[in-house]
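Not measured: the values here are computed from a predicted model. Counting convention: from 1, in listed order, for ligands and their atoms alike.
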Amino acid sequence: MVPRSAPIRTVRMDGLSLEKVSHAFGDLLVVDDLSLSVAAGEILCLLGPSGCGKTTSLRIAAGLERIQAGRVVIAGREVARPGKDVAAEQRGVGMVFQDYALFPHLSVRDNVAFGLRGPAAEKRRSVDELLERLDIASHGDRFPHLLSGGEQQRVALARALAPRPAVMLMDEPFANLDVRLRDRIRDDTLNLLRQGSAATLMVTHDPDEAMRMADRIAIMRRGRIEQMGTPDDLYRHPANKLIAEFLSETNILHGKVNEKGEVETALGPLAANGLESGLEVDIVLRPEALVMDGEKGGLAATVHTVRPLAGWTVVDLRLPANGTALRARCTCETPPSPGDTVRIHPDPAGTFVFPRDRH
Ligand code: ATP
């Protein structure tokens, strides 16, 4: 069942746009009136819970899934609407999907050279350069089935990047790489995509990856985009609890707005930011917004555990008054020790109050 959409307005642009796209598998609506545009040179990350329709949206853009409603425009050319589906290989897009889809009968080098045109010497040079950059030069003559998952993933990336596509579609393209390799391959891939002014739509499960890579992030839930913006916008102004939770670890408190426009919480009264009295709310508190500064006015908390983690110190706390467990993160030069009592207070910049999310 696909809902009927309002008439479609044409937007002409260089990159990629999905306009009012809906898609159902049987009775299950998995993409619901989704519109987004990616400009040339831009990287847009689709982020959201498992099953929210990210991969299906990407497959529709790629031409791997027949479109049911809405349309897809690539470089100003309509490539899909109901009744019209330009074949995937004629859309001029590079793709890296989770199955890699490498040609089993071709060597790594020939897989990467597959979509290239032009003189043989030039093709060879650009293939060698890509294999080198993606750290698979020593596997050039091997066949895909002899490679590990992470190596196959890099061959798929090299093959997609080789023709310098105007539009790049990637589904978890770095998921199989170990952490050390992932950072470097990701940076190199991004540089290549930006140099080539590709419009890139990328699906990821990893919020850190999205925050780090994306010019904009679109957060999806149940087939719809809940919020789209720069990583900074989304981090500072999340529209709801799901979005705040997706972008970092959080502490969640619950409460009800009182007559004074405050919410009584385990941390004491917090401003309800204009929400109406009587409303049940979720309070989302980022760990770095739980400030441990020793101020006398703060609330006493007992340090439970202390762990160093990638430039931060993560401190798990308990409130002696009510046993509430909270997580704080600081860049403190002298971190507290387990058993210490610290004084904490929430920084309003990382504290968000939303009507209770029942989903
Ligand atoms: P994940 O992050 O787990 O990869 P996703 O957000 O990419 O999830 P999709 O793969 O787009 O989600 O799937 C959306 C929903 O559609 C899921 O419930 C999935 O089971 C269902 N689905 C996907 N492909 C098919 C199919 N070919 N037939 C039936 N249902 C499908």
Residue, atom name and distance, where the atom is the protein heavy atom closest to [atom]:
{"atom": "atom 15 (C) of ligand 1", "answer": "V30 CG1, 3.4 Å"}
{"atom": "atom 18 (O) of ligand 1", "answer": "L28 CD2, 3.9 Å"}
{"atom": "atom 3 (O) of ligand 1", "answer": "S50 OG, 2.5 Å"}
{"atom": "atom 13 (O) of ligand 1", "answer": "T56 OG1, 3.8 Å"}
{"atom": "atom 28 (N) of ligand 1", "answer": "F25 CD2, 3.5 Å"}

Within 4.0 Å of atom 20 (O) of ligand 1 (strictly less), any protein heavy atom?
->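 When distances to the protein are checked, atom 20 (O) of ligand 1 has no heavy atom within 4.0 Å.
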So, for atom 23 (C) of ligand 1, does the protein have a heavy atom nearer than 4.0 Å?
->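 So atom 23 (C) of ligand 1 has protein heavy-atom neighbours under 4.0 Å.
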Regarding R286 and the six-membered ring of Y235, is the cationic atom NZ or CZ under 6.0 Å from the ring centre and inside 45° of its axis?
->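 Here R286 passes the 6.0 Å and 45° test against Y235.
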Is the Lys NZ or Arg CZ of R154 less than 6.0 Å from the centre of Y100's six-membered ring, within 45° of the axis?
->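 Checked: cation-pi criterion not met.
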If you measure every N/O of [X] against every N/O of ligand 1, is any gap under 3.5 Å?
{"X": "T55", "value": "yes"}
{"X": "C52", "value": "yes"}
{"X": "G53", "value": "yes"}
{"X": "G51", "value": "yes"}

Using a strict cut-off of 4.0 Å, indicate which atoms of ligand 1 neighbour a heavy atom of H205.
->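 Listed by number with element: 1 (P), 2 (O).
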Check ligand 1 against K54 and write out every atom of the ligand that is under 4.0 Å from a heavy-atom position of the residue.
->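 Counting from 1, the qualifying ligand atoms are 1 (P), 2 (O), 5 (P), 6 (O), 7 (O), 8 (O), 11 (O), 12 (O).
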Spell out, as yes or no, whether a donor-acceptor pair under 3.5 Å connects the side chain of S35 to the backbone of K20.
->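 At least one qualifying donor-acceptor pair exists.
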Decide yes or no on side chain to side chain donor-acceptor pair (under 3.5 Å) for H254 and E280, but give the supporting numbers first.
-> CA-CA 8 Å; H254 304 289; E280 304 256 5; over 6 Å; no
Is it true that M211 and W312 fall in one hydrophobic cluster, defined by side-chain heavy atoms closer than 4.5 Å?
->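 Different hydrophobic clusters.
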Same hydrophobic cluster for V93 and I43, using side-chain heavy-atom links shorter than 4.5 Å among ILVMFWY?
->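 Shared cluster, no.
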Criterion side chain to side chain contact (heavy atoms under 4.5 Å, CB included) against H345, the qualifying member of L290, L267, L299, V291 =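 Going through the options one by one, the only one that passes is V291.
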Would you sort out whether T305 and D316 count as a side chain to side chain donor-acceptor pair (under 3.5 Å), showing the intermediate values?
-> CA-CA 5 Å; T305 51; D316 285 324; 3.2 Å; yes
Mind checking whether F354 and F352 have parallel, tilted or perpendicular rings, split at 30° and 60°?
->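 Geometry flag for F352 against F354: parallel rings.
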